[in-house]
Amino acid sequence: MEEVAIDNKLKLARVENDLTQSELAEQVGVTRQTIGLIEAGKYNPTLKLCLMLARATDKRLDELFWIKGER
Amino acid sequence: MFQEMFAGDERSHSINGMIAQVFLGLTQIFLAVIVFYRLYVVGQQDSEINDLRLLLAFSIFGYIAARLFFGGILPELSWKPALIAYASLAGLITVVCLLIYGWPAPEDWAITWLPALLGPAILVGLYALVAYLGKRRVEREIGE
């Protein structure tokens, strides 16, 4: 299977919502480090967490995450 | 606080799984090295290392069985591959034992030929059974 990288704009969406990493982490039930790693593109979250992050930042899933190079 | 420390999130679950797998593999390798060292370097008797061998077998076969059953990951065995696997295993064990211990006395069949021929059959049979049960479990989950 082809290796694909995931890109995201979680940091921008979080700042737009005036949330800190810790606040967002608490809302979706993960650690601050996990949010930091997702923002840095160093951890691929599960679909469940992606959906929770989209809900917490009031974005659609495809606005928040996409396959690198397809946008 | 303790729940946070030990429950973690999906990333820590994934890291925990990876670390556990690596250290399980290392532990099994070290156990195997210790078994061979005590058998062939120290020269201990078979009966003196039975505890370690039992632990190693439990760890390896328990791991394979759990992966088969809960993941449905390893392939199911049909008759032909099962027979090939049995013949290869029994042949390998027989040849290695004959090379090490020589041709066994006829009256010792219960501790020589029987385990060499029955052991692989039990292994292959258990593999096929657990693979079938694991696949059936996953198929049932998909059907729900």
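Only a predicted model underlies this, so the values are computations on that prediction, with no experimental measurement involved. Every chain is numbered from 1 and lettered A, B, ... according to where its sequence line falls, protein lines coming before strand lines.
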Look at atom [atom1] of [X] and say whether more than 12 heavy atoms of other residues, nucleotides or ligands are closer to it than 6.0 Å.
| X | atom1 | result |
| --- | --- | --- |
| A/R55 | CZ | no |
| A/D58 | CG | no |
| B/D46 | CG | yes |
| B/E107 | CD | yes |
| B/K135 | NZ | no |
| A/W66 | CH2 | yes |
| A/E39 | CD | yes |

>> Are A/L19 and A/L61 connected into the same hydrophobic cluster when the rule is that any two of I, L, V, M, F, W, Y join if their side-chain heavy atoms are below 4.5 Å apart?
In response: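 In one cluster: yes.
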>> With clusters defined by side-chain heavy atoms of hydrophobic residues (ILVMFWY) lying less than 4.5 Å apart, directly or transitively, does A/V4 cluster with A/L10?
In response: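 Yes, A/L10 connects to A/V4 through the hydrophobic network.
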> Can you pull out the residues in residues 30-37 of chain A with any heavy atom less than 4.5 Å from chain B?
Replying inline: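 Near chain B, by residue number: A/V30, A/T31, A/Q33, A/T34, A/L37.
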> Does anything in residues 43-53 of chain A get under 4.5 Å of chain B by heavy atoms, and if so which residues?
Replying inline: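 Under the 4.5 Å heavy-atom cut-off, A/Y43, A/P45, A/T46, A/L49 qualify.
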